[in-house]
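Residue numbers begin at 1 in each chain, while the letters A, B, ... track the order of the sequences. What you see is a predicted model, and the numbers here were worked out from it, not measured in a lab.
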Protein chains: 2
Amino acid sequence: MENQGQGPHARVLESLGPAITSGEHPPGSVLRTEELEQRFEVSRTVIREVIRVLESMHLVASRRRVGVTVLPAEEWNVYDPRVIRWRLAGSDRPRQLRSLTVLRLAVEPVAAGLAARQATPAQCAELTEHALGMVATSRGGQLEAYLGHDVAFHRTVLRASGNEMFARLGDVVEAVLTGRTRHQVMFADPDPAAVTLHVRVAEAVREHDAARAEELTRRIATGAMAELDILAP
Amino acid sequence: MENQGQGPHARVLESLGPAITSGEHPPGSVLRTEELEQRFEVSRTVIREVIRVLESMHLVASRRRVGVTVLPAEEWNVYDPRVIRWRLAGSDRPRQLRSLTVLRLAVEPVAAGLAARQATPAQCAELTEHALGMVATSRGGQLEAYLGHDVAFHRTVLRASGNEMFARLGDVVEAVLTGRTRHQVMFADPDPAAVTLHVRVAEAVREHDAARAEELTRRIATGAMAELDILAP
DNA sequence: ACGGCAATTAAGTATGACGTTTAAGTCACA
DNA sequence: TGTGACTTAAACGTCATACTTAATTGCCGT
């Protein structure tokens, strides 16, 4: 186990959490506190606090006289950034990436439309900067730099929408984009069409053309969706 | 304090959480565990576990030698059902309702489109049943019964979309609809146009007409949005 | 078979002691 | 006077242990 960063709490959490989301502890199985104490060689305090956190993510439910029960996946707080991270690291990564991309497909176009109406000049400038950054790094295997601009671009759109719920999905987008770059198409340069679309979205937002920003963003997301289906149909 | 359901842990959590989301403890302010022990008359154990949960919601961050710091609102896990509930109960309810309704506006039409493609016959029947239930209870102040059908209808659409991220937004929709009924228009009967739209969505899904289901659902959500703006512009 | 009572089990809470981190204060020295 | 290293102490973090509470199991008697 390479899990020894920070303290016992984080170590146990980052070990137990993924173990649950990956199905290593299937729904319905029970974990007793004492057993976990021994397994991780920590005190009850730590185990109990970890359990409380997992409980708050609806990964487990603790009941007296029975133990800590793993809940079915439908109950999980799938919007918790940690749950997302754990699932993306696990075996059902493809399925998870698909779910998240569909979510993007729903949210980002609407967010772009809102951004076109109310983005500040500073945010418009930021958008343009990152779009151009994507253009500049789209060739020659500068994938990490490209990824940085891509993530920043989408984060800015979500933030500029002025909706806090959208803004908090920045982490989700980052997880999706990072996952895609790191694990699937690390070899290939980005699709030039997608790069162009980003530039045009930045333009549309700057010109307060909500309908166009929405439509163009929908095309970006649709492209991302298609890409997934091509890679793992 | 009427907060005494279940145990000390829940009691303290349900008291401290809202106190934070309502701004009673503004971002940047610090809470020391010892102080909290006395304030709630419970042991360190309980306080520490509550803090860990609040920390997992990104409401607070605990640091040695300084205490538990309240984080700025941008950091909060606004998708956590409890955070949503606490904020809806607090003073920025209108703002929160608006955010959530915009989220619905983005997600539900797409979910309805997906549902039209892959809803099971059982789910179609469920949709029809609840749509008709809405019709039957839409007049004569049967608001509670109507609300139940409305929530169930939207939950079914989200579930039938086959996307786990969408499915988990059922709680959000319930919170929004409940909030609207209970606190804003409790007196008035539902808008007949909205009722009709629900029936037509059920039809479209049953006939696998994705585009129509999407468009009709968009109209429902737009109507909900307009209603909000009318009531608190 | 059934219903109630008791025993058992595992989580929940309380408390004291100690370790660890780190902000902040202090003192010496240039 | 200012800077740097050193010391201190405040608050969280962890451990160990005793005790409390609730729920399941199962026994027993009817």
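A salt bridge links A:E14 and A:R85; the closest N-O separation between the charged side-chain nitrogens and carboxylate oxygens is under 4.0 Å. For the pair A:R52 and A:E49, the salt-bridge criterion is not met [side-chain N within less than 4.0 Å of a carboxylate O].
No hydrogens or angles considered: a donor-acceptor pair under 3.5 Å links the side chains of B:H198 and B:H154.
Between B:T45 and C:dT15, a side-chain N or O to OP1/OP2 separation shorter than 4.0 Å is absent. Side-chain N/O atoms of A:R63 include none lying less than 4.0 angstrom from OP1 or OP2 on D:dT21. OP1 or OP2 of D:dA11 has not a single side-chain nitrogen or oxygen of B:S62 nearer than 4.0 Å. Checking the phosphate oxygens (OP1, OP2) of D:dT14, no side-chain nitrogen or oxygen of A:S43 falls inside 4.0 Å.
When the P atom of D:dT14 is taken as reference, atom CD of A:E41 falls 16 Å away, rounded to whole Å. One atom, NE2 of A:H9, and another, C1' of D:dC15, lie 16 Å apart when rounded to the nearest Å. Residue B:E49 contributes atom CD, which lies 16 Å from atom P of D:dC12 at whole-angstrom precision. Taking atom CZ of residue B:F40 and atom C1' of nucleotide C:dT13, one finds them 17 Å apart after rounding to whole Å. Atom CG in A:L54 sits roughly 16 Å away from atom C1' in C:dA11 (whole-Å rounding). Spacing between atom CZ of A:R48 and atom C1' of D:dT17 amounts to 14 Å, rounded to whole angstrom units. Separating the CD atom of A:Q6 from the P atom of C:dT21 is a distance of 12 Å, rounded to the nearest angstrom. The separation between B:E34 atom CD and C:dG16 atom C1' is 14 Å, rounded to whole Å.
Two residues, B:R32 and A:V42, neighbour DNA chain D, and the one matched to the more 5' nucleotide by heavy-atom proximity is B:R32. Nearer to the 5' terminus of DNA chain D, by closest-nucleotide assignment, is the contact made by B:L31 (compared with the other of B:L31 and A:V66).
Nucleic acid contact class of B:I47 (heavy atoms, under 4.0 Å, all strands): none.
Applying the 3.5 Å distance criterion, the base of D:dA9 shares a donor-acceptor pair with the side chain of B:R65. Contact annotation: side chain of B:R44 to base of C:dG16, donor-acceptor pair present below 3.5 Å.
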Could you give me the CA-CA distance, side-chain angles and deciding distance for A:M225 and A:R98, then say whether side chain to side chain contact (heavy atoms under 4.5 Å, CB included) is met? CA-CA 7 Å; A:M225 195 72 229; A:R98 227 176 232 65; 3.7 Å; yes
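Formation of a donor-acceptor pair under 3.5 Å by the A:W86 side chain with backbone atoms of A:L16 is not found in this model.
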